[in-house]
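These notes are about the structure you will find just below.
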Amino acid sequence: MSKTIALAHYNHKLANELSAHGFRVVDSSHLGRPGQAADAYLYTSYHPDTDTWAGTQPEHADITVGNYHYAVADHPATMLLNITGLTTDQIADKLRHRLARCSRL
């Protein structure tokens, strides 16, 4: 199953290239829909050494429709990735590596 990648600011070129690498790319409005989650959230910053961005700490689930016995452990929190200064190939490599590592936790 392909991993869903959300972009803070939608970029058609980046979305097309990541799609070619096998990722499902959506914009950040996708995350506001009930039951929708992303495996990774890509953003840019003037400080590429930072791993977090104020205001984007994702929650496991904020709405559960129809099933209040829903286990959030089945859906880990969205991974944040600062992509400032990276090429598309570097982004794809980092995503594969970090998402593979997250799925084993």
Side-chain angles (χ1 to χ4, degrees):
M1 185 173 185
S2 65
K3 298 292 187 180
T4 301
I5 309 301
L7 302 177
H9 303 285
Y10 200 78
N11 177 310
H12 289 288
K13 182 180 178 189
L14 177 60
N16 289 339
E17 291 182 21
L18 288 176
S19 294
H21 280 279
F23 296 105
R24 178 177 174 239
V25 182
V26 298
D27 65 8
S28 58
S29 67
H30 173 87
L31 301 178
R33 300 178 191 146
Q36 303 296 314
D39 297 294
Y41 183 81
L42 306 184
Y43 68 96
T44 59
S45 170
Y46 290 110
H47 304 286
D49 57 333
T50 60
D51 288 332
T52 58
W53 182 35
T56 62
Q57 294 299 325
E59 298 294 327
H60 287 287
D62 60 345
I63 298 175
T64 303
V65 179
N67 183 0
Y68 48 85
H69 300 290
Y70 178 75
V72 296
D74 295 339
H75 301 282
T78 302
M79 176 191 72
L80 301 176
L81 180 62
N82 186 344
I83 60 169
T84 304
L86 299 178
T87 66
T88 305
D89 289 334
Q90 290 171 325
I91 294 168
D93 288 342
K94 279 186 173 267
L95 284 170
R96 282 191 199 99
H97 176 73
R98 291 189 55 191
L99 289 172
R101 187 176 52 172
C102 288
S103 66
R104 283 180 267 163
L105 296 177

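This is a predicted model, so every value here is computed, not measured.
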Suppose we screen for side chain to side chain contact (heavy atoms under 4.5 Å, CB included). Which residues come up paired with Ala15, at least two apart in sequence or across chains? Leu7, Tyr10, Val25
Rounded to the nearest 0.5 Å, how far apart are NZ of Lys3 and CZ of Arg98? 13.5 Å
Quick one: list whatever passes side-chain hydrogen bond (donor to acceptor under 3.5 Å, both in side chains) with Ser19, sequence neighbours left out. none
Treat each ILVMFWY residue as a node, draw an edge where side-chain heavy atoms are under 4.5 Å apart, and state whether Leu86 and Leu99 are in one component. yes
When you look at Leu81 and Tyr41, which way does the side chain to side chain contact (heavy atoms under 4.5 Å, CB included) test go after all the steps? CA-CA 6 Å; Leu81 180 62; Tyr41 183 81; over 6 Å; no
About how many Å separate CG of Asp93 and NE2 of His21, when rounded to the nearest 0.5 Å? 7.5 Å
Applying side chain to side chain contact (heavy atoms under 4.5 Å, CB included), run through Glu17 and Lys13 and close with a yes or a no. CA-CA 6 Å; Glu17 291 182 21; Lys13 182 180 178 189; 3.1 Å; yes
Would you please name every residue forming a side chain to side chain contact (heavy atoms under 4.5 Å, CB included) with Asn16, sequence neighbours left out? none
Partners meeting salt bridge (Lys or Arg N to Asp or Glu O under 4.0 Å) with Asp27 (sequence neighbours left out): none
Rounded to the nearest 0.5 Å, the CD1 atom of Ile83 sits from the CG atom of Leu18 at a distance of 7.5 Å
My understanding is that only residues two or more places apart in sequence, or in another chain, count here; which of them pass salt bridge (Lys or Arg N to Asp or Glu O under 4.0 Å) with Arg24? none
Side-chain contact test, heavy atoms from C-beta onward, threshold under 4.5 Å: evaluate it for Ile91 versus Phe23 and give yes or no. no
In short, Ser2 meets Gly22 closest at the heavy-atom pair CB-O, 3.3 Å
Pairs in or reaching into residues 78-90: which pass salt bridge (Lys or Arg N to Asp or Glu O under 4.0 Å), with residues at least two apart or in two chains? none
